Structures are given as structure tokens and as C-alpha cells.
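Along the sequence shown, residues are numbered consecutively beginning with 1. Bear in mind that the values here come from a model prediction, so they are computed numbers and not experimental data.
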Amino acid sequence: MRFRLLGSSAGKTVPRPFCACRVCEHAKRCGGRDRRTRTGMHLFAPGEEGAEPQLAVDLPPDTGHHMMRGGFNLSRLEHLLFTHSHEDHFDLTCLGHRAKLMSDSDQMPLLQLYGSADTARAFDQRQLDAERLKLQFHVVQPGQAFAAGEFRVIPLDGHHSPGTLHYVIQHAGRSALLAWDTGYYLDDQWKALSAFRFDAVFLECTTLRMTDVFKEGPGHLNFYTFLKMRERMLEIGCLRPSTPLIATHIGDNGLLTHSECEGLAGPYGVTVGYDGLELEL
């Protein structure tokens with residue numbers, strides 16, 4: 001399977017509107033991997049290069065930008081997982097556009113949506129016409145696997161806002177963890193994670209800068225706590241030293257440019273995510 005990281009920033013883009021910090025100014029001048037949009041991901045089963053995504057995780061407000069940049073569309077998408085209902089991951093506006101297609105709407109497949117009960121309530125509050133828009137929401141539970149097309153998906157609790165889920169995605173004997181927005185895991189979450197052996201991990205690092213502060217409680221990781229997560233994953237055996245570990249959900253909070261982030265994280269075996277990064281397992 002192939003992963004495409006659509007966005008790599010936290011809740012604000014880089015450059016951030018109204019901000020003139022060194023990171024935002026650098027991103028405006030240099031572009032490239034220094035420009036970051038909100039986090040989302042598309043997954044592909046093995047197939048021809050350029051195949052359309054079969055499954056997506058989160059729906060950020062930057063989706064149209066990624067379609068233009070990546071040269072793909074979502075007309076054949078059938079499965080959409082939501083981590084939680086914060087607006088940088090849960091922009092439902094474009095779902096409403098499914099009722100106003102200029103192409104043949106009869107060819108549009110039913111879009112299966114998945115998320116926690118808290119996310120389902122946020123979805124219901126929007127009062128979308130699910131039948132007209134060809135949408136079907138499924139409430140999923142941590143630890144209970146389900147099939148999403150060719151993929152096997154296991155939701156896990158995240159340590160963020162109530163109802164936040166992380167996802168283990170499995171296909172053809174390969175397994176990956178997609179874990180963004182989170183604080184340092186709690187004991188029950190570590191116990192659940194110990195059952196897996198991952199071939200790749202995408203893990204948030206909202207504040208990517210060197211610090212010796214262990215950030216406790218729900219919310220987000222800094223780089224020190226990120227490394228503590230990696231250390232614990234190695235201890236329980238779900239992560240090997242050679243397993244790709246990709247940091248994502250990176251804001252301008254660390255006040256480091258992308259190349260500076262790479263200089264900091266690279267020696268620890270951490271890949272700094274960027275918009276458009278692809279990984280094939």
C-alpha cells in the first residue's frame with residue numbers, strides 16, 4: 001500500500017495568516033517543503049502509478065489545494081476515516097458539494113464515513129442530507145477491527161480531545177499506525193499498542209524543537225515527548241529501530257524551518273513529514 005501525506009501542519013497553515021515570525025517569512029520566500037497545510041492522508045492499495053485514492057483519513061479545509069498540487073480527484077473515494085471533529089481535520093463543506101456535481105452524479109459511489117460517537121454527533125449537528133449526498137456514517141469503537149475496502153482498520157484511542165481516534169491500517173501483511181493529534185499515551189493505550197508490529201508510524205509533533213520538558217496530559221506532543229513515545233514504542237516492540245517514523249502535524253510553534261527540523265530530527269532516525277510525502281510499504 002502507498003501513503004500520501006496531504007498536509008503536515010498543525011491547526012494553522014505555515015505561513016500562518018497575520019504572522020511574521022521567521023518560519024512564516026521563510027516559508028513565504030522559499031515555499032517547497034517549508035509551506036505546510038493541514039494534516040490529512042490518502043491511502044492506495046497496490047496498483048498503477050497515479051491510481052486514485054481508495055481511502056482517506058481526515059478532510060482538511062486544504063483538500064482542494066492538494067488535489068491541484070497532486071493531480072488527483074476524489075470522485076472514486078469510497079472510505080473516509082475521521083480522527084476527530086476539530087475543524088482542521090473535519091471540514092464538511094466539500095461533502096455538501098457532492099449534491100452539485102457537474103459530472104454524472106449517478107457514477108459517484110457511496111462514501112462510507114467512520115469515526116467515534118463524538119465525531120458522529122458533530123456530523124449529525126451539520127444536518128447534511130446523507131441520502132442525497134451518498135454518505136453513510138459508521139460509529140467505530142477502539143480495538144474493534146473493520147474492513148474498509150481492501151484495508152483492515154483498527155481504531156485506537158488517542159490522548160487528545162474526547163472521541164479522538166488513531167488508526168492502524170493493514171493490507172497484504174503490512175501494518176502502519178496513523179497517530180495525530182495526541183498527548184503522551186496512557187497505560188491502556190500502551191497496552192493496546194503492544195499487540196502490533198508496525199512497518200511505519202506517522203506520529204504528530206506539533207512543537208518540533210529541542211526541549212527537555214516532558215509535556216503531560218492530553219493535547220499535543222513536543223519533540224522531547226515525541227522521542228519518549230518513540231522510546232516506549234521500541235521498548236514494547238511495536239516499533240523497530242529501522243521502521244520509518246514520520247513526524248507530522250508540525251506547526252510553526254517550534255520556530256524552525258523544514259531543513260532545521262530535519263537537522264534536529266534526522267539523527268534520531270525521524271523523518272520530518274511534508275506536504276506530498278509518499279511512502280510505499
Side-chain angles (χ1 to χ4, degrees), residues 1-11 13-14 33 35-47 50-74 76-92 94-95 111-116 119 140 146 148-156 158 160 164-171 174-182 198-206 220-221 243-251 270-281:
M1 55 183 169
R2 189 166 73 254
F3 300 80
R4 176 189 283 161
L5 189 60
L6 294 184
S8 53
S9 83
T13 59
V14 179
R33 295 181 182 182
R35 290 183 181 269
R36 300 185 183 276
T37 50
R38 269 69 69 91
T39 299
M41 177 172 286
H42 285 161
L43 278 73
F44 307 77
E52 298 299 337
Q54 297 190 6
L55 182 150
V57 184
D58 285 341
L59 196 63
D62 317 288
T63 300
H65 164 80
H66 294 298
M67 290 172 58
M68 290 185 287
R69 180 180 181 183
F72 64 89
N73 67 62
L74 301 179
R76 308 310 301 165
L77 187 70
E78 296 185 36
H79 304 278
L80 175 58
L81 312 178
F82 287 117
T83 58
H84 60 306
S85 60
H86 288 174
E87 61 182 9
D88 53 322
H89 302 265
F90 189 70
D91 180 24
L92 302 187
C94 65
L95 292 183
L111 180 56
Q112 309 284 351
L113 311 175
Y114 309 86
S116 67
T119 302
V140 297
F146 61 92
E150 298 184 40
F151 300 97
R152 183 173 185 263
V153 181
I154 305 97
L156 300 175
H160 188 56
T164 297
L165 295 177
H166 296 163
Y167 293 101
V168 178
I169 310 292
Q170 299 178 330
H171 183 273
R174 309 292 271 176
S175 181
L177 173 65
L178 312 183
W180 55 79
D181 293 28
T182 194
F198 297 120
D199 299 291
V201 172
F202 291 81
L203 181 63
E204 83 131 83
C205 189
T206 299
H220 294 290
L221 302 177
T243 302
L245 174 61
I246 297 95
T248 189
H249 205 267
I250 303 162
V270 176
T271 297
V272 179
Y274 56 86
D275 293 13
L277 178 148
E278 290 198 13
L279 176 69
E280 189 160 359
L281 298 179

Under 4.5 Å between any side-chain heavy atoms of [X] and [Y], yes or no?
X    : Y    : answer
T271 : L277 : yes
L92  : F90  : yes
L80  : L111 : yes
F3   : I246 : no
H66  : F72  : yes
L74  : H42  : yes
L6   : M41  : no
E87  : P61  : no

Search all heavy atoms of [X] against all heavy atoms of [Y] and return the closest pair with its distance.
X    : Y    : value
L281 : A176 : CD1-CB, 4.2 Å
E150 : H171 : O-CD2, 3.1 Å
P53  : L77  : O-CD1, 3.8 Å
C94  : L59  : SG-CD2, 3.4 Å
A247 : V270 : CB-CG1, 4.0 Å

Nearest 0.5 Å please: distance from the [atom1] atom of [X] over to the [atom2] atom of [Y].
X    : Y    : atom1 : atom2 : answer
L55  : I169 : CG    : CD1   : 5.5 Å
W180 : T164 : CH2   : OG1   : 12.5 Å
M68  : T63  : CE    : OG1   : 11.0 Å
T182 : H160 : OG1   : NE2   : 8.5 Å
L43  : F151 : CG    : CZ    : 5.0 Å
E78  : Q54  : CD    : CD    : 8.0 Å

Derivation of the side chain to side chain contact (heavy atoms under 4.5 Å, CB included) call for V168 and F198: CA-CA 9 Å; V168 178; F198 297 120; 3.8 Å; yes
Residues which pass side-chain contact (heavy atoms from CB on, under 4.5 Å) with P155, listed by chain and number, not counting sequence neighbours: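 side-chain contact (heavy atoms from CB on, under 4.5 Å) check on P155 returns V140, F146, L165, Y167.
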Residues forming a side-chain contact (heavy atoms from CB on, under 4.5 Å) with T206, sequence neighbours excluded: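 Partners of T206 by the side-chain contact (heavy atoms from CB on, under 4.5 Å) criterion, ordered by chain and then number, come out as A10, E204, H220, H249, N253.
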side-chain hydrogen bond (donor to acceptor under 3.5 Å, both in side chains) partner of S8, the single match among D275, T248, T39: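 Of all the options given, the one that passes is D275.
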Y114 and H79 aromatic ring geometry - parallel, tilted or perpendicular at 30°/60° bounds: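 If you compare the ring of H79 with that of Y114, the planes turn out parallel.
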Positive for side chain to side chain contact (heavy atoms under 4.5 Å, CB included) with D58, one of D91, D88, T83: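 Single side chain to side chain contact (heavy atoms under 4.5 Å, CB included) partner of D58 among D91, D88, T83: T83.
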Residues D181 and H86: side-chain donor-acceptor under 3.5 angstrom: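 There is no such pair (donor and acceptor under 3.5 Å, judged by atom type) between the side chains of D181 and H86.
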Partner set under side-chain hydrogen bond (donor to acceptor under 3.5 Å, both in side chains) for R174, not counting sequence neighbours: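 side-chain hydrogen bond (donor to acceptor under 3.5 Å, both in side chains) check on R174 returns D199.
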Atom CZ of R152 with >12 non-hydrogen neighbours under 6.0 angstrom: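 Atom CZ in R152 is not packed in, count stays at 12 or less.
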Under the 3.5 angstrom rule, does the side chain of [X] hit a backbone N or O of [Y] as a donor-acceptor pair?
X   : Y    : value
R36 : G273 : yes
R38 : G11  : yes
S9  : T37  : yes

